[in-house]
Amino acid sequence: MKRSEGTALSVFLTVLVISSAWLFTQRYWWMPEVASVHGPAIDRVFSIVLVITGIMFVVLQLTLAVLVFKFGRNRDVQRRLWSRPRAEKWFAIVAGSVIFMVDVSVYSLGESEWLKAWKTAPADAALVEVTGEQFMWNFRYPGADGALGKTDPALTTSSNALGVDSRDPTSADDVLSTNQLHLVVGKPVRMRIRSKDVIHSFNLPHFRVKQDAVPGMAIEVWFIPTREGQFEIVCNQLCGLAHYRMKAFLTVESQESFSQWISQMTPGGK
Ligand SMILES: [Cu+2]
């Protein structure tokens, strides 16, 4: 490497690091405004990870810039550096251990918040089943009996998208809604997430909820919406050609408006 190349690369790295760090200090938060009870805890873990990786980025890239500037043009100096194996060994052990310990503690912090958020749903939580399908979201409400009717993939037809078994009496009052999810503000809700075809991901960005929808599995997450309004639901797995338009809407509203909305829907669960 010529001297000018080394200097150019180190200047580039320095500019990159300083401009990235400057963007960071502008406190621009790209996540949508939080709308669930557990959301701020997730954001906190996110910020901690961002700060740690941000510091690592600045320190490592600036070190790289200095090293490139100093040694990039001189092979002899480079060779001499590598002739101190003891120092390098200890540096590798200490740096490796520090990185490992930070990694483990951040991981356990994230895990504990995740467990707190998802562990056991309150007994009074409402239940809604979510079924991902290329390329839409089906929502099923259990009706007054609180139980969802059985489904069987063999019963699936164009007019029975989820394969609901109408011989099961609990399916009679179930309500099915396509791409429109309504929830009551301040009320815990269990979302039972399934998929009809491929792996989708049920993502509510404002609520910091994201869970894969896996064929053959019914995975539950629960949360409490804190803000009324209209929110977007997206599919977060590249699930096929029309993945980009696999979008649905969530309306968080008062108990009265919710009851009014669900009373307009046709029960029968198909
Ligand atoms: Cu999808």
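In each ligand, atom 1 is the first atom listed, and ligand 1 is the first ligand listed.
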### Query
Would you say Ile199 and Pro215 make side-chain contact, with heavy atoms under 4.5 Å?
yes
### Query
So do Trp261 and Glu253 actually touch side chain to side chain, heavy atoms under 4.5 Å?
yes
### Summary
With Glu129 as partner, the option from Arg192, Arg140, Arg190 fulfilling side-chain hydrogen bond (donor to acceptor under 3.5 Å, both in side chains) is Arg140
### Task
Considering non-hydrogen atoms only, spot the tightest contact between His200 and Trp137 and give its length.
CB-CH2, 3.9 Å
#### Entry: Residue pair Asp168 / Thr170, side-chain donor-acceptor N/O under 3.5 Å
yes
### Query
In the protein, how many N/O/S atoms are under 2.8 Å from the Cu ion (ligand 1)?
4
### Query
Do the ring planes of Phe223 and Phe207 sit parallel (below 30°), tilted (30 to 60°) or perpendicular (above 60°)?
tilted
